[in-house]
Amino acid sequence: MDLGLRGKIAIVTGGGNGIGYGMCEVFSEEGANVVIADFAPLDITQKLAADLESKYGNHVIAIHADISSSDDVSMLYDKVLDEFGTVDILMNNAGKMGLNRIEDVTIPELRKYEQVNIEGLFLMSQKFVEICTQQQKGGHIVNTVSKSAFTTNSGGNSPYIATKGAVASFTRGLAIEVGRRGIYVNGIIPGYVITATTKNLKDRSEQMKKLIPIGREATPREIANVAVFLCSEKACQIMGALVDVTGGTML
Ligand SMILES: NC(=O)c1ccc[n+]([C@@H]2O[C@H](COP(=O)([O-])OP(=O)(O)OC[C@H]3O[C@@H](n4cnc5c(N)ncnc54)[C@H](O)[C@@H]3O)[C@@H](O)[C@H]2O)c1
């Protein structure tokens, strides 16, 4: 299916790895131009950008930015506007994950989750809405939530769960606020996804796979396919939705 995304400008936070990189690949396949916004070393993300460009023929740039820093977010959008003059799509995908028993969580540690998963996502969305409004155009925001915001099998990650719950609520709240401006806001709910980071987490056991009705974890590309679809005109009736891409784990 042609999603009609050719020539669109998509920012993908956390685009240097895992689900975010999957999104960059799918956007590239669809002919969209991509901004990999990540705090991974720039030489690594620039190489990913160059590889995507040579494979798909679109324009891909990498910008080194920590989304939890308002200075970095301003710098990021300045560079995007310098390069492309506009932005059409924001994938709020970067997130801080981790396991912390409640006894071990200090307030500074809790704030790190808040700063990335809530403040970073908020800052990125605020600037995106401002640009769309100034340029009198619509756009698409897709937030990466997590099934742990709704149901969890693993204890010891309450800071992560709490902040992802906020992402789910924020998605609905922003959708109703900006929908009439033509700005779509939706979320995706991944369950268990195999990435370089999660394959080392101890709760990603064979036992866990038995909990997934389709019998296996997702690949980043499988999550990305749905997220990118939400940015197309074909998804024009989907607003403020949180789309379950857990292979049935939420059942
Ligand atoms: N992997 C899973 O099983 C799973 C399940 C549910 C939800 N999620 C969510 O999906 C999203 C992506 O997860 P993933 O597994 O692909 O992660 P990942 O660790 O594979 O990749 C995350 C990328 O984000 C970047 N990043 C992290 N914090 C950043 C920041 N503050 N500013 C800029 N870049 C930053 C990292 O450098 C990295 O390149 C996260 O929001 C995560 O909570 C993942």
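One-based numbering, in listed order, for ligands and for the atoms of each.
Counting heavy atoms closer than 4.0 Å to ligand 1, residue Val193 contributes atoms from both its backbone and its side chain. Residue-level proximity to ligand 1 for Tyr21 is absent, since no heavy atom of it falls below 4.0 angstrom. Residue contacts with ligand 1, taken as heavy atom pairs separated by less than 4.0 Å, involve Val145 solely via the backbone atoms N, CA, C and O.
Against a heavy-atom cut-off of under 4.0 Å, Ile19 is close to the following atoms of ligand 1: 10 (O), 16 (O), 44 (C). Those atoms of ligand 1 that come under 4.0 Å of a heavy atom in Thr144, given as number and element, are 9 (C), 10 (O), 11 (C). Interface of Gly191 with ligand 1, defined as ligand atoms under 4.0 Å from a residue heavy atom, comprises 3 (O), 5 (C), 6 (C). Ligand-side atoms of ligand 1 in range of Gly95: 40 (C), 41 (O), range being under 4.0 angstrom from any heavy atom. Near Ile67, with a cut-off below 4.0 Å to any heavy atom, the atoms of ligand 1 are 30 (C), 31 (N), 32 (N), 33 (C). Within ligand 1, the atoms closer than 4.0 Å to a non-hydrogen atom of Gly18 are 16 (O), 20 (O), numbered from 1 in the order shown. For ligand 1, the atoms sitting less than 4.0 Å from at least one non-hydrogen atom of Ala65 are 32 (N), 33 (C), numbered in the order shown with element in parentheses.
Ligand 1 lies less than 4.0 angstrom from a heavy atom belonging to Lys164. Residue contacts with ligand 1: Ala218 is excluded, as none of its non-hydrogen atoms falls under 4.0 Å. Using a 4.0 angstrom heavy-atom cutoff, Thr13 does not count as in contact with ligand 1. Under a 4.0 Å heavy-atom criterion, Met97 is in contact with ligand 1.
Of the polar atoms of Val116, none of the N or O atoms is found under 3.5 Å from an N or O of ligand 1, judged by distance alone. Not one N or O of Ser68 is nearer than 3.5 Å to an N or O of ligand 1, by distance alone. Any N or O atom pair closer than 3.5 Å counts here, and Asp66 shares at least one such pair with ligand 1. At least one N/O-N/O distance between Asp38 and ligand 1 falls below 3.5 Å. Of the polar atoms of Phe39, at least one N or O is found under 3.5 Å from an N or O of ligand 1, judged by distance alone.
The heavy-atom pair separating Val185 from Thr171 by the smallest distance is CG1-O, 3.7 Å.
For Arg216, the salt bridge (charged side-chain N to carboxylate O under 4.0 Å, His left out) partners two or more places apart in sequence, or in a different chain, are Glu222.
For the pair Lys127 (side chain) and Ile131 (backbone), a donor-acceptor distance under 3.5 Å is absent. Not a single donor-acceptor pair under 3.5 Å links the side chain of Lys147 to the backbone N or O of Val245. Ser232 places no side-chain N or O within 3.5 Å of a backbone atom of Val228 that could act as its donor or acceptor partner.
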List the atom pairs, with distances to 0.1 Å, where a side-chain N or O of residues 30-42 and a protein N or O form a donor-acceptor pair under 3.5 Å, not counting sequence neighbours.
| unit_1 | atom_1 | unit_2 | atom_2 | d |
| --- | --- | --- | --- | --- |
| Glu30 | OE1 | Leu3 | N | 3.3 |
| Asn33 | OD1 | His59 | N | 2.9 |
| Asp38 | OD1 | Ala40 | N | 2.8 |
| Asp38 | OD2 | Gly15 | N | 3.4 |
| Asp38 | OD2 | Gly16 | N | 2.8 |

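The number of heavy-atom neighbours closer than 6.0 Å to CD of Gln237, taken from other residues, nucleotides and ligands shown, is 12 or below. Shown here is Phe122, whose CZ atom has no more than 12 heavy atoms of other residues, nucleotides or ligands within 6.0 Å. Counting non-hydrogen atoms of neighbouring residues, nucleotides and ligands closer than 6.0 angstrom, the NZ atom of Lys47 reaches no more than 12 such neighbours.
Between His140 and Tyr184, the angle of the ring planes stays under 30°, which puts this pair in the parallel group of the 30/60° scheme.
The structure places CD of Glu25 at 10.0 Å from CG of Asn225, a figure rounded to the nearest 0.5 Å.
The one candidate from Ile89, Ile141, Val142 that meets the side-chain contact (heavy atoms from CB on, under 4.5 Å) condition with Leu230 is Val142.
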